[in-house]
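Below is one structure, written out as structure tokens; the observations come after it.
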Amino acid sequence: MRADPIQRAIDEDLVRVLYAQDPIAFFSHWFSIAMLVAVYWVDMPYPQRFAACFIFYALANCAGLVLWMCHRRWPDALQPRAWIYLHAVRNALLYAAPGLAIWFAFQSPHTNLPLLHTVLIVTLAAGVFMSNGFDVVNFTTSIAFLLLPAIVLHFDVHTFDRTILAIVLAFFFGAINVYALSYRKLFQRVVQARIDQQTLAESLAVQKLVAEEASLAKTRFFAAASHDLRQPLHAIGLLAASLNDPAATHTQHAKTADHIVNNVEALNQLFNQVLDLARLESGVTQVIKLHFRLSELFDRVGNQYWPQAAAKGLALRIAPTLAVVHGDPVLLERILSNLLSNAVRYTESGAIWMGFRRSGRSAGGYIEVRDSGIGIPPDEQERIFEEFYQVANPQRDARQGHGLGLPTVKRLVELLGGELHLRSVPGRGSVFRFAVDTGDPARIVAGLNETASGGPSAPGRRVLCIDDEPAILEGLSSLLGRWGCIVSGVHDEGQALRALDEGFMPDAVLCDYQLANHRTGAQALAAMRDALRRRGREQAVMLLITGDMASAELQALASQGIPVLHKPVTAARLRRTLEMLWQQADRSPLLESTQPEREPQATPQVMIGGHAQGAG
Ligand code: ADP
């Protein structure tokens, strides 16, 4: 049996075709009645039975007409299958009359009558084949009543020519059934092809709509991004030009320089937000789950926002909790930071509450951030998750944010396997909530805030930098040099291997992704790792720096746990990442490589300084 929707489509087509032929059948049956009555008129055997039979035939024809009219008037009154079965009943009644009436011919002394009647029956059978052949029930009920009585009665005469005629009729009966079978198959294939085409057209239309929507969203994204990026750039240009003003005093220059620094910082922040989102979209963001005390994360985030809340006269309440959760603390921190920063920004009086609620299931609970702020109108509650969308910032004043926080939060929550829920009443406040999994206290390996103090230091560490861009190599070398590192800068993999041969054993290898001669940083790092392993220096840390976003190779690296930093990389982010990786390597000397593992037990320190790719 076919899948229901397809069978239903076939049935609908069957009903259409069956009933469309009925007016022609109606006329041919009246013609047949007239012909038979004319043939039998001269010598009518058993006139009463004959009259009853032909009245029945006429009534059946009228009933068929009524059925046809009902279907025309109320096509949806019955299921397609029911219309098909009703049509089959009508066929049985209509064709039984002329089929059985051949008995009268055999009762007549005129030997030609059975032959004449047979010709008429065969003509009707051809009509049945054309109009009902594609449905097994309708075809069988008609053809059996039409032909079988004639075949039996001709055989029963026991003369040579009648026996031959009966055989021919039986053969015709078999053949017409076989043809009808292939006719039905063809019909089903045609309907199937039509349905496939229709489904394809519908799915193409949906895909087209999705593509158009995506293209529109991209256009909106780029329009808003270019506007928000242009603003600080424009300001920096003007401010930089004013530095050339010979009439400006030293104090004015210092002030201008401060403005420039502020604008660069704003630009950097926006870049980072956009890149965060792009990283999330392209799937290179790693999730590193740990078992940790939620209260530690709450304290950490709460401490960041407590001063801002206090400055606005808001109470920031963090519900004490003993919950241990299993999640990625770095990503959770980004989520909560965004939600708290919004809560503070959009609340003028009252309180902000952050806490954990058990869900009733042992599997976990919910983290909630609530505020008593301005709230979000119902018709905006979906749109605020679109990139660069802000409810009330038509001038796109950068001090009021850029509309990237919630889209990032939503994707982060989804990346962690949850769903972000929002409840908000304008004028009363908002609640953002998402589920977290319960952790196992026995598997907590380190406190979240352990490395805030006392990370491993950079001075004295040997760093090998690989970048084919001389300016970047120089900038990187001088930055690492200022941190007290011993740096060797090389342009490609070959030079890097030579540096090893010459005895430079690095504690870290920093590598750009796109290298000269179509080599990638991933290939260079693999070669370096092999070379270092051969020299017994497995604990040297590897770090890839890239401006690429969505390459499949990067995704593969991310999934293998190889740390990737995305340009622009700030000095603080680079240092924090390196320190985190060194700390991990120092604490896990037995590990084969220094890359963060996805299993928390093996590398409990990974998150302490932040994510390799999200640190800073
Ligand atoms: P941003 O806060 O930088 O504008 P978001 O993406 O974080 O960007 O938020 C998008 C919009 O959602 C904001 O412009 C604001 O109008 C609304 N919004 C977000 N959080 C809250 C909140 N807690 N209360 C009221 N409105 C909010």
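Keep in mind it's a predicted model, so treat the numbers as computed, not measured.
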- Item | Lys/Arg cation over aromatic Tyr366: Arg357, 6.0 Å, 45° cone | no

- Can you pull the ring-ring contact (aromatic ring centres under 6.0 Å, His included) pairs that have at least one residue in residues 180-202, sequence neighbours excluded? Phe129-Tyr183, Phe134-Tyr183, Phe134-Phe187

- Message: salt bridge (charged side-chain N to carboxylate O under 4.0 Å, His left out) for Arg90 and Asp22? Distances and angles first, verdict last.
- Response: CA-CA 11 Å; Arg90 159 241 189 237; Asp22 280 0; 3.3 Å; yes

- Query: How far does CG of Leu404 sit from CG of Asp276, to the nearest 0.5 angstrom?
  - Reply: 9.5 Å

- Around atom CD of Glu382, are there more than 12 heavy atoms of other residues, nucleotides or ligands at under 6.0 Å? no

- Note on the structure: Separation between CG (Leu277) and OG1 (Thr408), nearest 0.5 Å, reads 3.5 Å

- Note on the structure: Here the pair of heavy atoms bringing Ser430 nearest to Leu422 is CB-CD1, 4.3 Å

- Message: Tell me whether Gln514 contacts the main-chain N or O of Thr546 through its side chain, where contact means a donor paired with an acceptor under 3.5 Å.
- Response: no

- Leu581 and Leu543, any side-chain heavy atoms less than 4.5 Å apart: yes

- Under 3.5 Å, side chain of Arg411 to main-chain N/O of Pro407, donor-acceptor pair present? yes

- May I ask you to check whether Glu12 and Gln7 show a side-chain donor-acceptor distance below 3.5 Å? no

- Task: Grab the two heavy atoms, one from Ala20 and one from Pro23, that are nearest each other, plus how far apart they are.
- Result: O-CD, 3.4 Å

- Please list, chain by chain and in numerical order, all residues satisfying side-chain hydrogen bond (donor to acceptor under 3.5 Å, both in side chains) with Glu469, sequence neighbours excluded. none

- Write down the atom of Asp11, the atom of Pro80, and the distance for their closest heavy-atom approach. CB-CB, 3.7 Å

- Query: What is the distance from atom CD1 of Ile352 to atom OG1 of Thr347, rounded to the nearest 0.5 Å?
  - Reply: 4.5 Å

- Is the shortest distance from a Lys or Arg side-chain nitrogen in Arg194 or Asp13 to a carboxylate oxygen in the other one below 4.0 Å? yes

- Item | Point-to-point distance, once rounded to the nearest 0.5 Å, from NZ of Lys208 to OG of Ser215 | 11.5 Å

- Among all residues two or more places apart in sequence or in another chain, which pass the salt bridge (charged side-chain N to carboxylate O under 4.0 Å, His left out) test with Arg423? none

- Is Ser424 reaching over with its side chain to a backbone N or O of Gly429, donor-acceptor style, under 3.5 angstrom? yes

- Task: Could you tell me how the ring of Trp83 sits relative to the ring of His71: parallel (under 30°), tilted (30 to 60°) or perpendicular (over 60°)?
- Result: perpendicular

- Report yes if the side chains of Asn132 and His87 come closer than 4.5 Å at any heavy-atom pair, otherwise no. yes

- Task: Look up atom CG in Leu267 and atom CG in Leu229, then write down how far apart they are to the nearest 0.5 Å.
- Result: 6.0 Å

- Message: A cation-pi test, strictly: NZ or CZ of Arg16 under 6.0 Å from the centre of the six-membered ring of Tyr19 and no more than 45 degrees from its axis. Yes or no?
- Response: no

- Inspect the surroundings of NE2 in His421 and state if more than 12 heavy atoms from other residues, nucleotides or ligands are less than 6.0 Å away. yes

- Looking at Leu339, Asn338, Leu332, Leu340, which hits side chain to side chain contact (heavy atoms under 4.5 Å, CB included) with Val301? Leu340

- Beyond-backbone contact of Val409 with Leu336, side-chain heavy atoms, under 4.5 angstrom: no

- Message: Regarding Arg383 and Glu386, does a basic nitrogen lie under 4.0 Å from an acidic carboxylate oxygen?
- Response: yes

- Query: Between atom CG of Leu412 and atom CG of Leu406, what is the distance when rounded to the nearest 0.5 Å?
  - Reply: 11.5 Å

- Fit a plane to each ring of His326 and His291, take the angle between them on a 0 to 90° scale, and name the class: parallel (under 30°), tilted (30 to 60°) or perpendicular (over 60°). parallel

- Task: Can you see which heavy atom on Ala319 is nearest to which on Phe298, and at what distance?
- Result: O-CD1, 4.1 Å

- Task: Please say which of Phe432, Phe385, Phe434 ends up in a side chain to side chain contact (heavy atoms under 4.5 Å, CB included) with Lys410.
- Result: Phe385

- Salt bridge Asp468-Arg519, side-chain N to carboxylate O under 4.0 Å: no

- Message: Going by salt bridge (charged side-chain N to carboxylate O under 4.0 Å, His left out), name the residues that satisfy it together with Glu419, two or more places apart in sequence or in a different chain.
- Response: none

- Between Lys289 and Asp328, is the closest basic N to carboxylate O distance under 4.0 Å? no

- Item | For Arg230, all residues meeting side-chain contact (heavy atoms from CB on, under 4.5 Å), sequence neighbours excluded | Ser226

- Message: Does Tyr346 have more than 12 heavy atoms from other residues, nucleotides or ligands lying within 6.0 Å of its OH?
- Response: yes

- Run the numbers on Tyr95 and His29 for ring-ring contact (aromatic ring centres under 6.0 Å, His included), then give the verdict. CA-CA 9 Å; Tyr95 291 98; His29 282 291; 4.8 Å; yes

- Message: Assess whether a salt bridge exists between Glu387 and Lys218, defined as any Lys/Arg side-chain N lying under 4.0 Å from an Asp/Glu carboxylate O.
- Response: no

- Item | Distance-minimising heavy-atom pair for Ile84 and Asn138 | O-ND2, 3.2 Å

- Message: According to side-chain contact (heavy atoms from CB on, under 4.5 Å), who are the partners of Asn177, at least two apart in sequence or on a separate chain?
- Response: Phe139, Ile143, Phe173

- Item | Nearest heavy-atom neighbours spanning Ser142 and Val128 | CB-CG1, 3.6 Å

- Can any side-chain N or O of Tyr305 pair as donor or acceptor with the backbone N or O of Ser337 at less than 3.5 Å? yes

